[in-house]
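Working notes, structure below.
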Amino acid sequence: MFQNELLKWYENKARKLSFREKKDAYSIWISEIMAQQTRIEAMLKYYNRFIEQLPDMKALASCPDEKLNKLWQGLGYYSRAKNLKKCAIICMEKYDGKLPETKEELMKLPGIGPYTAGAIASIAYDQRVSAVDGNVIRVFSRLYGMEEEIDSRTKKNIEKLVQDSLPEKEFISDYNQALMELGALICIPKNPRCISCPVKENCVAYRKGIQGNLPVLKKKKERKVEEKQFYIYVYKNKIHLKKRENKGLLANLYGFDEERVPCVKEIELKEHTHIFSHIQWNMKGTMLFVEQKTDHFYSIDEIEEKYAIPSAFVPFYTQVKQIIERELV
DNA sequence: AAATCGGGGGG
DNA sequence: CCCCCAGATTT
């Protein structure tokens, strides 16, 4: 068995992460949602600011959507923030402002799937459940030498293997985290650092020398390429932002217009490419100096305080801001 | 089962 | 450039 070796390794080598300092379901929940499909180092600053601004369930449940989006700006997968608030409202109404304690109840809440439910239940409440993320799939597929392609069935197999491997109750939280930490630091996707691995003696893939080929993942289809032209209307020192529709890509965030309007002068901005998971935008931007201001023109200060602009638009925003600031000197 | 939904860091 | 990340939800 490898559990003891893994736990010992975790105790000595685990990263010190701010969101592991409190055993508090609310903050653990926030950190787990934020960490979905996101590297830990990338979400740490967002997490600290979020907890500072919205320290408890009540504060989150009553947080205006605009403020929530601003706190999430640049993190991606913005429906996570929307679901957080939805979930907080449900918890205020049905669970006395707390998160439920079982994996099963947690999974009924918006934005909480099998992994996150398992993580909250085991880490915050010491429940005897697995928390299988991408790291754990990689670690277990190697430990057990699973050469089949990972699909919903093989993932269920792994969840069962993890469930059956759980140590005694007081170590379950650390064990689940240790599996992920091993995946993040040692059992990495390419060129795993097996020399430093505390459980290599138990690893089928290592013994067979095929650890670099596992897990076998489905190949994803190639990205669709879209040509996009955006127009940035400017009047004096104010910029026009267009709120995006409330569904689909970058829902409810602020971007620029895609229709040209009459103007007294225009400047072509530097082009750039923005890559999403499934789409590539080849972006052209034109700054249009308009003669009169209509609705939704905002100053730089206003934009940076209140309006959430996703990363795809930031290069244009930065250029426009510089041009405006130059003209005002 | 496949598509959608962001963004960035590392090799 | 490619890979994939402490995934969930919708189609």
Side-chain angles (χ1 to χ4, degrees), chain A residues 10 14-15 17 19-20 28-47 69 72-84 86-87 106-124 130-139 149-156 159 162 173-185 187-193 212 215 217-224 244-253 255 272-281 308-315:
Chain A
Y10 182 68
R15 294 168 289 183
L17 302 174
F19 57 83
R20 290 294 178 256
I28 289 169
W29 167 50
I30 302 299
S31 71
E32 292 300 342
I33 299 293
M34 240 177 217
Q36 287 169 2
Q37 294 294 285
T38 305
R39 289 171 197 284
I40 296 301
E41 310 80 58
M43 51 73 75
L44 280 177
K45 286 187 176 168
Y46 284 87
Y47 169 78
N69 284 338
W72 213 265
Q73 171 183 349
L75 250 193
Y77 289 153
Y78 297 92
S79 66
R80 291 183 291 174
K82 189 175 179 178
N83 283 333
L84 271 181
K86 239 198 231 176
C87 187
L106 285 161
M107 278 184 59
K108 295 177 184 168
L109 294 167
I112 300 183
Y115 163 72
T116 306
I120 297 170
S122 64
I123 298 171
S130 66
V132 176
D133 73 333
N135 289 304
V136 180
I137 287 176
R138 189 168 56 254
V139 169
E149 184 176 271
I150 304 297
D151 57 14
S152 59
R153 193 189 94 258
T154 49
K155 191 186 166 196
K156 277 188 172 56
E159 282 173 347
V162 175
S173 167
D174 280 350
Y175 178 71
N176 279 338
Q177 295 180 72
L179 286 175
M180 295 189 272
E181 194 75 347
L182 189 74
L185 300 183
C187 197
I188 55 181
K190 290 182 177 172
N191 306 110
R193 299 160 179 154
L217 301 174
K218 296 188 195 182
K219 59 171 182 291
K220 30 231 160 213
K221 66 160 200 174
E222 58 181 317
R223 269 186 292 268
K224 188 198 310 175
R244 298 176 59 79
E245 52 183 317
N246 64 7
K247 54 181 162 58
L249 192 60
L250 307 174
N252 293 323
L253 275 72
H272 66 277
T273 296
H274 188 84
I275 312 271
F276 301 98
S277 346
H278 56 303
I279 302 174
Q280 169 175 328
W281 278 2
I309 299 176
S311 299
F313 296 107
V314 169

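Within every chain, numbering begins at 1; the chains are lettered A, B, ... in the order of the sequence lines, protein sequences first and strands thereafter.
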* Asked: If the P atom of dG8(B) is compared with that of dA8(C), how far apart are they to the nearest Å?
  -> 22 Å
* Using a 4.0 Å heavy-atom cut-off across all strands, classify Y115(A) as base, sugar-phosphate, or nothing. => base
* Asked: Pick the nucleotide of DNA chain B nearest each of L253(A) and S152(A); which residue has the one closer to the 5' end?
  -> S152(A)
* Under 4.0 Å: is that the gap between some side-chain N or O of Y78(A) and OP1 or OP2 of dG7(B)? -> yes
* Heavy atoms under 4.0 Å, any strand shown: does G74(A) hit a base, just sugar-phosphate, or nothing? -> sugar-phosphate
* Asked: Which listed nucleotide (dG7(B), dA6(C), dA2(B)) is nearest to the side chain of L250(A)?
  -> dG7(B)
* To do: Kindly say whether, by distance alone, the side chain of T38(A) makes a donor-acceptor pair under 3.5 Å with the base of dG6(B)?
  => yes
* Hey, does N176(A) have a side-chain heavy atom less than 4.5 Å from the side chain of V162(A)? -> yes
* Phosphate oxygens OP1/OP2 of dG11(B): is one of them under 4.0 Å from a side-chain N or O of R193(A)? -> yes
* For dC4(C) and dC5(B), measure between their C1' atoms and round to the nearest Å. => 15 Å
* The side chain of K220(A) lies closest to which of these nucleotides: dA6(C), dC4(C), dG6(B)? -> dC4(C)
* To do: Answer yes or no: is there an ion pair linking E149(A) with K155(A), defined by an N-O contact shorter than 4.0 Å?
  => no
* Take atom CD of E149(A) and atom P of dA1(B), then tell me their distance rounded to the nearest Å. => 11 Å
* For the student: nearest non-hydrogen atoms of I120(A) and I28(A), plus distance -> CA-CG2, 4.4 Å
Check nucleotides 9-11 of chain C against the protein and report each pair of N or O atoms closer than 3.5 Å, with its distance, or say if there are none.
from	atom 1	to	atom 2	distance (Å)
dT9(C)	OP1	G111(A)	N	2.3

* Asked: To the nearest angstrom, how far is I279(A) atom CD1 from dC5(B) atom P?
  -> 6 Å
* Structure fact -> When S311(A) and K221(A) are each assigned the nearest nucleotide of DNA chain B, the 5'-most assignment goes to K221(A)
* For dG6(B) versus dT11(C), give the span between their P atoms, rounded off to a whole number of Å. => 15 Å
* What residues form a salt bridge (charged side-chain N to carboxylate O under 4.0 Å, His left out) with R223(A), not counting sequence neighbours? -> none
* **Salt bridge R15(A)-E41(A), side-chain N to carboxylate O under 4.0 Å** => yes
* To do: Considering just the side-chain nitrogens and oxygens of T116(A), establish if one lies under 4.0 Å of OP1 or OP2 belonging to dA8(C).
  => yes
* Could you work out which one of dG7(C), dC4(C), dG7(B) sits closest to the side chain of L217(A)? => dC4(C)
* Dot-bracket summary - DNA chain B, pairs being Watson-Crick or G-U whose distances fall under 3.5 Å, with | when paired to another strand -> |||||.|||||
* **Heavy-atom donor-acceptor pair, R39(A) side-chain to dC4(C) base, under 3.5 Å** => yes
* **Spacing between R153(A) atom CZ and dA1(B) atom C1', to the nearest angstrom** => 14 Å
* To do: Let me know the distance between CD of Q280(A) and P of dC5(B), rounded to the nearest Å.
  => 16 Å
* Asked: Given dA3(B), is OP1 or OP2 found less than 4.0 Å from the side-chain N or O atoms of H278(A)?
  -> no
* **Residue L17(A), side-chain atoms from C-beta onward, closest of dG7(B), dA6(C), dG7(C)** => dA6(C)
* Any donor-acceptor pair under 3.5 Å joining the side chain of R20(A) to the base of dA6(C)? -> yes
* Ignoring backbone atoms, establish whether Q36(A) has a side-chain N or O less than 4.0 Å from OP1 or OP2 of dG7(C). => no
* Asked: How many angstroms lie between OH in Y47(A) and CG in L17(A), if you round to the nearest 0.5 Å?
  -> 10.5 Å
* Asked: Rounded to whole angstrom units, what separation is found between the CH2 atom of W281(A) and the P atom of dG7(B)?
  -> 9 Å
* To do: Return yes if a side-chain donor-acceptor contact under 3.5 Å exists between Q73(A) and Y78(A), otherwise no.
  => no
* **Under 4.0 angstrom between R138(A) side-chain N/O and dC4(C) OP1 or OP2** => no
* **Side-chain N or O of K218(A) closer than 4.0 Å to phosphate OP1/OP2 of dA2(B)** => yes
* Output the distance between atom CH2 (W29(A)) and atom CG (L109(A)), rounded to the nearest 0.5 Å. => 8.0 Å
* Heavy-atom side-chain proximity of T273(A) to Q280(A) below 4.5 angstrom -> yes
* Asked: Can you tell which of M180(A), E159(A), K156(A) makes a side chain to side chain contact (heavy atoms under 4.5 Å, CB included) with V132(A)?
  -> E159(A)
* Measure from NZ on K82(A) to P on dT4(B) and round the result to the nearest Å. => 18 Å
* To do: Report the distance from atom NZ of K45(A) to atom C1' of dG7(B), rounded to the nearest whole Å.
  => 16 Å
* **Test log, rule ring pair (Phe, Tyr, Trp, His ring centres under 6.0 Å), inputs F276(A) and H278(A)** => CA-CA 6 Å; F276(A) 301 98; H278(A) 56 303; 7.0 Å; no
* To do: Mind calculating the distance between CZ (R223(A)) and P (dA2(B)) to the nearest angstrom?
  => 19 Å
* Structure fact -> Out of dA6(C), dC5(B), dG7(C), minimum distance to the side chain of E181(A) belongs to dA6(C)
* Asked: dC3(C), dA6(C), dG6(B): which one has an atom nearest the side-chain heavy atoms of E32(A)?
  -> dA6(C)
* **Given dG6(B), dC5(C), dC3(C), the nucleotide with the shortest approach to the side chain of S277(A)** => dG6(B)
* If you measure only the distance, is there a donor-acceptor pair under 3.5 Å linking the side chains of R80(A) and N83(A)? -> no
* Asked: Should H274(A) be listed as having a side-chain N or O under 4.0 Å from OP1 or OP2 of dG7(B)?
  -> yes
